[in-house]
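What follows is one structure encoded as structure tokens, with my remarks underneath.
All values derive from a computational prediction rather than experimental measurement.
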Amino acid sequence: LPTSINGNKIIGVANNAFTDIEYTNLTMPEGYLFIGQLAFEEASVENLYLPSTLNEIFDEAFVDATIENIHFENGSNLKLIGYESFQYATLGDFVVPSSVIIIEAYAFRNSRFTSFTFEENSELILLEQGAFSDSNLSSITLPENLFSIEDDVFSDTLLTTITIPENIKRIEGYAFQ
């Protein structure tokens, strides 16, 4: 992807920018700050490379997308994975950068993974309502800084193994139903 157009710096991927596209390799250059709403809806990408400057993945950014490999650059500054951002997505091995603080409601609802992990020293403090509901998630180790698991986060998953940090403060209703 380009870093500028006609001398104007590009700082993100616009809403609906790559809906229903197919790529083998797609690299977002350093300087991109966000991925817009529905930016990759129904897209198919074999290898997606995301820059360390990325701060936010907006709501529904990857709805119903197929992404075999998502690579976050070392030193990622991603803070927020938005509402329904990967809903109905098919993903390979997904590793959440340590910089992520919040995974919003239904972010990975009905998603399919090969595996799902958090980088060491994760800053994650909140899993919002239904974050992994109806997904094929079968095993997860939650990060030590996690403060709260909201309603229905793991409802209707295939979860058989979970490691919950000792210092968690709140687990809301039906979190594991």
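- A 6.0 Å sphere centred on CG of N25 holds more than 12 heavy atoms belonging to other residues, nucleotides or ligands.
- Interatomic distance, N136 CG to L159 CG, rounded to the nearest 0.5 Å: 11.0 Å.
- Under the side chain to side chain donor-acceptor pair (under 3.5 Å) criterion, N121 pairs with no residue at all, not counting sequence neighbours.
- Pairing each heavy atom of A14 with each of A39, the nearest pair is O-CB, 3.6 Å.
- With a 6.0 Å radius and a threshold of 12 heavy atoms from other residues, nucleotides or ligands, E22 has its CD atom at or below the threshold.
- Taking the six-membered ring for Trp, Y88 and F86 have ring centres at least 6.0 Å apart.
- To the nearest 0.5 Å, atoms CZ (F34) and CD1 (I57) are separated by 12.5 Å.
- Among the candidates V95, L91, D93, the single residue satisfying the side chain to side chain contact (heavy atoms under 4.5 Å, CB included) test with I70 is L91.
- Note: F18 and F40 have parallel aromatic rings, judged against thresholds of 30 and 60 degrees for the angle between ring planes.
- Among all heavy-atom pairs drawn from G31 and T53, the shortest one is N-OG1, 2.8 Å.
- The line from OG of S44 to CG of D20 is 9.5 Å long, rounded to the nearest 0.5 Å.
- Remark: E30 CD is packed, more than 12 non-hydrogen atoms of other residues, nucleotides or ligands lying under 6.0 Å away.
- Taking the six-membered ring where tryptophan is involved, the planes of F154 and F132 are essentially parallel, since the angle between them stays under 30° and well short of 60°.
- Applying the side chain to side chain donor-acceptor pair (under 3.5 Å) criterion to S148, with sequence neighbours excluded, gives R170.
- There is no side-chain donor-acceptor pair under 3.5 Å between S133 and D156.
- Looking at every heavy atom in both residues, P29 comes nearest to P2 through CG-O, 3.9 Å.
- How far OG of S99 is from CG of L124: 10.5 Å, rounded to the nearest 0.5 Å.
- At distances below 3.5 Å, not a single donor-acceptor pair connects side-chain atoms of T157 with backbone N or O atoms of S135.
- Taking a 6.0 Å sphere around OH of Y174, one finds it holds 12 or fewer heavy atoms contributed by other residues, nucleotides or ligands.
- Here the closest heavy-atom approach between residue N16 and residue E41 is recorded as ND2-OE1, 4.4 Å.
- The aromatic rings of F108 and F113 lie tilted to each other, with the angle between the two planes from 30° to 60°.
- By the rule that hydrophobic residues join a cluster once side-chain heavy atoms approach within less than 4.5 Å of another member, I101 and L146 end up as members of separate clusters.
- Using modelled atom types, one side-chain atom of N145 and one backbone atom of S122 make a donor-acceptor pair closer than 3.5 Å.
- Y106 belongs to a hydrophobic cluster whose other members, connected by ILVMFWY side-chain contacts under 4.5 Å either directly or through intermediates, are Y83.
- Considering CD of E56 and CG of L33, their distance stands at 10.5 Å, rounded to 0.5 Å.
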